[in-house]
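Per chain, numbering begins at 1; letters A, B, ... match sequence-line order.
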Amino acid sequence: MKRLLESIVHHPAVAILILGIFITPFVFHLGELKIDASSEGLMASGGRAFAEYAEFTEIFGSDTLTAVVLREQDIGLFTENGLSAIQSLSDALFEIEGVKSVTSLTTVQTISGEGGFVSTGLLIEDVPADGDELEAIRKKALADPIIVGALVSEDGKTAAINIVTDPEAGDLDFDQRFTQEVDLLIDEYAGGFAAFQIGTPYSTSYFSSNIRRDQMILVPISASLLLIFLFVAFRSIVAVVVPMVTGGLSIATTLGFMAWMGYPVSIVTALVPAILIAVGCTEDVHMISLYSKKLGEGCSSFDAVLYMAGHSALPITLTSFTTIVGFATLSINKITVLKHFGIVSSFGLLANFLVTIVVLPVMLLILPVPRGLKTRSFDGLVRGLTTLATATMSSRKLVMIVSLVFVVLAVIGGSLVEVDTDFMGFFKEDSEIRKRVRSINEDLAGAHTLNIMISTGEGGGIQNPKVIEQIDRLQQFIASFPGFSKSVSIVDYIKLLHQNLDPSGNDIPQSEAAIAQYLLLLADEEITTYVDNEVATANIVVWNTIESSKELGNALETLRDFVDANLSKDLDIRFTGEWVVVNGSADSMVSGQVQSLGLALIAVFVIMTVLFMSVKAGLVAMIANTIPIALNFGVMGWFNIPLNTGTCMVAAIALGIAVDDTIHFMVRYQRFLRETESQELAMKKTLNEESEPIFLTSVALTLGFGALVMSSFNPTQHFGVLAALVMIYALVTDLFVNPAILLSVQLITLWDFLQLKLQRDITRDSPIFKGLSQSEAKRIVLLGSVRTVDAGDAILRQGEEGHAMYMLLTGSARVSVETDGRSVDISTVRHGDLLGEMALVGSGTRSANVFAIEKSDLLRIDDASLDKIRRRFPKIAARLFMNIASVLGERLRIQNLAAVDSRLIVD
Amino acid sequence: MNFRFVMVLFVVMLISFLHPAVSEDLDGAEIMKRLNEMHRLNAEKEILELELINKNGKSKLRKLERYSLRREPGVDSLLAVMVEPENVKGTGVLLVEGADGDDQQWLYMPALGGVKRVDAKDRKGKFFGTDFCYGDFRSDDTALYRYTMLGNEEIDGRICYVVEAVPLTDFEMKSTGYSKRVFWISADIFFAMKVEFFDTRGKLKKVMVNRDLVEVSGTAWRADHMEITSVKTGHRSVMKVLSRDIGGTIDPQIFTVDSLKAFAKSQ
């Protein structure tokens, strides 16, 4: 990777050409991008609810409803003008493409037994001019249980025209087009009324225009906030132009990719550009930071760019990879829009990574060397943070306790989080759409319907009087339920006919034949909504004013309880409809959320474990990143923010992003750990170096996500606020809690590090581990620390006090003794050999000099560590000291032999 | 050969080729009159299969018997009784036209055991929930309509006169529910191949198509396949003739309320 980035610096033209070949095809598709605001995308594909709805539409057709509500204003409803307007409007509405049926006062059929004749026919065949006739129609309409509430308000002052639409599959523009045509027709025909439309197509096109507005506003705001921040931070126009170019290219490529894949812009994928800007900018910050640091040291621009490319290659690849993984985990979601979001955003981040590594260095090479880059604006703040973080290192216990308290509070809060996709709750209280919904809920039965499918499993089964009676009981229960304003089923028709044809009889006909014969009198086309062709399945249409998935879930549960307790088990009763499926997806959302989060955590764990070659390191990274997520859910719980399509993404995304800084932090810490002898010192150094980029990226991300507050959608706003907050939690966790955790856990990577360095089983290799098992040797090693020395560096100095022994892990060293100002080489030590072991058993004074011949790694074990071993693991200690003694003994034997030899020579 | 003769022959051939049947100069009323007269039968019994096809393409089948009898010119009686499915067997409709225009109509439902009167003036009522109305089975009182010849068109390889029928009285319009009908009448056998029905506000409401034409006696033709489609709902009703008896005699006594009941029970 490092070589790749450096070669980009050496061959900018080639790199740009290759990048161009990658992105151009996508950019060409940009024009085909579509917007989809339909609720279909919010539905979970697959699953039971979806299958049930598909089955429903297969039998009963579409249930996508639009109501045109007409309230008396300049003209009365039951007047010649009023009804004529409704008639003309109904006719005109039917002409719109994709409209399956139009039901209004002027198209609805009624059943009557007037004048001794039984008849079924239109409520209004011709609009009369005569006042008495109009009054008769009014009375008839208000007395008809099927009509009132659905087509006319109880006070007879508001009417509704109900339109069922079923556009061609894949016609994404339908809702927009339909809504516009309806509005035009309302203007043309309903002049005397206060009129408006409400329903799924209107909601989705309203949605759609808000998404467009969001896109137009959010992306520029989010981008400008970041750019201003970058300018302030680096005081250079270069720091503004570079991210602008990389961000713009990434966004264009990603949107082109969406168009190419045929993914429309939805409420969720609309977030991708803002996210690309925010996340993409963090890489820019890291890279520009390095570049400016090098410039500050007096390097030439080319050298600075080369240094930047070489040194940012690994961390940027790693962090990009983890972020991509974090976002990609969302693609397992069953909810289509979230799946698309997962795929699109991870592609976008990949594109952003590629664009950044090519364009950023090339631009820095081309642009004039910026002067401002050498000074930093947030130095004071960063220093303050660093000092504070360093200071808190000494109160680790306090940090841990405070964190624990927060986590516990967060977990309690998290348990209060409710899953609630309140479709109307997406919009602000005073938005036009919510006004309309309130209005229709007040005057009429509501803006949407749910369906209760009752299957008997046998042809003609619905004609059984017992079944009719059961449906009737269910409808009576529904009538008593607050959220359900009205229900209509085939039973209402049968009861009406029965009243007219057999007024003396019971409420419900008592023979199957009677019911079958009544059905024969009803226009087949009229009853297709209520009973299937085989008369095996009935459908109760329930008008309701319920808006939130939680409320609907509760209502359906109550219905289900009633059905289980009171109705026959032979009936298969299911609740379905567009509205039910959309809201039912909430469940799927939660499981999707849990899965995504789980996957993201596993990914972090695996990546960190591989990176540090230690399971413990993986665990630490996971814990460090779980804290901000726990806090997120806690805040949601305590502040009553529901889990919905917007907010459910925060955790997985936040994890993907926040882990970047943790990676940078841990990589740096580990490196310092090898260079210094104490963990605390390594931590201090890490904080010193990492505070600035962590601070800058966190602030940048907080601003980027914070810009989403400007969205027209409540879930997007919530997403923005929560994600911004998570970035702050992550900042605090990285700077204050991470050090505490890392310092409390004995680091961890040493053993594996040793294994790697020695490439051989250390227990067989070194005399001091003789007779010890792998795990026993590991206990000893884990108490030591690793020190790296360069060629010529002194490891031990003769005459110095010392209380540690060393084992040479790699490299070699020369042992020499100074006598009378002359240095005599005694021996050369190699890996596995011990040094300075005398200090542990005898006096603390070193008896010889040891200089490294080449760059070498040493394992350092001091007497304090040995003490610990002695106290905790006496058996291991006994063996260890025995080994040390035998090493010493061996050395003594060699020295004696040498002394004898020298004496022989002298003699 | 005489050149002039050849030219005349050619022109005649050309004309006859272009207008093979439109040799007579008929107006709309004349065509309708012929249609009404040529296919008239005195007694007729049919066993019909009725298929109702909803907008989702699902269909259901029913079977019924239909009897009609011409008692005197312009005065018909009609009886239709369901045969299948089992639980609606015997449900019947009786229409008795009065010589003075005072028609009467009854509905019999075996499960209720009673006969209900239906407003016979209202010819808009649906025939057993189908897209056919009771009125669609009755022939026009030609005096109440203005017929206009609109031109010629070809349907199923037959040249047809296109004739528009507009009711002259408001009452006729309201009781049929049609402000206008357009007939496609084949020029060779004067049989209606297709009819378009327009509602009282002049909008196309439904379209009927007749197919599988058979010559049943003399000049009388019948369609073995009648199909009507409601434009608004996309709902279709198809009536297929399973068997037909036109030679036999029908006892006029079956066209009474009492026999409607008895007849239904004997089914």
Side-chain angles (χ1 to χ4, degrees), chain A residues 57-62 84 87-88 90-91 94-95 99-102 106-107 109 112-122 125-127 164 166 459-460 463 497-498 500-502 505 509-529 532-535, chain B residues 50-62 64 82 85-93 105-114 116-122 124-131 133 170 173-175 177 179 199-203 229-237:
Chain A
T57 50
E58 171 71 20
I59 299 174
F60 295 106
S62 161
S84 296
Q87 193 165 46
S88 311
S90 304
D91 284 346
F94 186 73
E95 298 297 321
V99 170
K100 286 287 145 193
S101 73
V102 173
T106 59
T107 68
Q109 306 260 341
S112 72
E114 271 170 46
F117 298 120
V118 61
S119 69
T120 59
L122 291 173
E125 184 73 39
D126 289 293
V127 177
V164 173
D166 191 10
Q463 289 162 176
L497 277 169
H498 194 55
N500 283 306
L501 287 164
D502 194 5
Q510 295 302 303
S511 86
E512 190 168 328
I515 295 162
Q517 288 162 29
Y518 284 144
L519 290 179
L520 210 55
L521 299 182
L522 293 166
D524 193 49
E525 57 186 40
E526 173 99 352
I527 59 172
T528 43
T529 316
D532 75 330
N533 244 20
E534 288 75 37
V535 203
Chain B
L50 195 57
E51 187 181 9
L52 303 179
I53 305 154
N54 71 17
K55 62 183 175 194
N56 302 325
K58 304 272 158 99
S59 71
K60 57 180 143 196
L61 289 177
R62 287 168 187 169
L64 60 108
M82 297 301 287
E86 188 61 30
N87 52 20
V88 297
K89 198 173 188 176
T91 307
V93 168
Q105 197 172 334
W106 293 271
L107 169 70
Y108 177 69
M109 296 174 75
L112 295 179
K116 285 280 159 186
R117 281 197 70 193
V118 179
D119 189 354
K121 289 188 183 62
D122 182 10
K124 299 185 299 289
K126 303 235 171 186
F127 179 73
F128 290 127
T130 64
D131 299 283
C133 294
D170 199 40
M173 180 177 86
K174 284 191 174 166
S175 63
S179 64
D199 70 12
T200 51
R201 276 164 306 121
K203 304 233 175 226
T229 307
S230 284
V231 175
K232 280 205 173 184
T233 57
H235 192 277
R236 287 189 296 144
S237 302

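- Between A/A514 and B/M109, the shortest heavy-atom distance links the atoms O-CE, 4.5 Å.
- The choice from A/D126, A/V535, A/D166, A/T528 that makes the most heavy-atom pairs within less than 4.5 Å of chain B is A/D126.
- For B/F127, the ring pair (Phe, Tyr, Trp, His ring centres under 6.0 Å) criterion is met by B/Y134, B/F137, not counting sequence neighbours.
- For B/V93, no part sits under 4.5 Å from any heavy atom of chain A, backbone or side chain.
- The choice from B/G234, B/S59, B/G177 that makes the most heavy-atom pairs within less than 4.5 Å of chain A is B/S59.
- Here CG of A/L122 is found 9.0 Å from CG of B/D199. Values are rounded to the nearest 0.5 Å.
- Of the inter-residue distances, the one linking A/S84 atom OG with B/R201 atom CZ reads 9.0 Å to the nearest 0.5 angstrom.
- For B/D131, the part lying under 4.5 angstrom from a heavy atom of chain A is the side chain only.
- Comparing A/E58, A/K100, A/Q510, A/Q87 by heavy-atom pairs within less than 4.5 Å of chain B, the highest count is held by A/Q87.
- Proximity to chain B involves both the backbone and the side chain of A/L520, based on heavy atoms less than 4.5 angstrom apart.
- Nearest heavy atom pair, residue A/E512 against residue B/N87, reads OE2-ND2, 4.2 Å.
- Using a 4.5 Å cut-off between heavy atoms, B/K203 contacts chain A through its side chain alone, with no backbone atom that close.
- Contact annotation for A/Y518: both backbone and side-chain heavy atoms come within less than 4.5 Å of a heavy atom of chain B.
- With a 4.5 Å cut-off on non-hydrogen atoms, B/S237 does not touch chain A at all.
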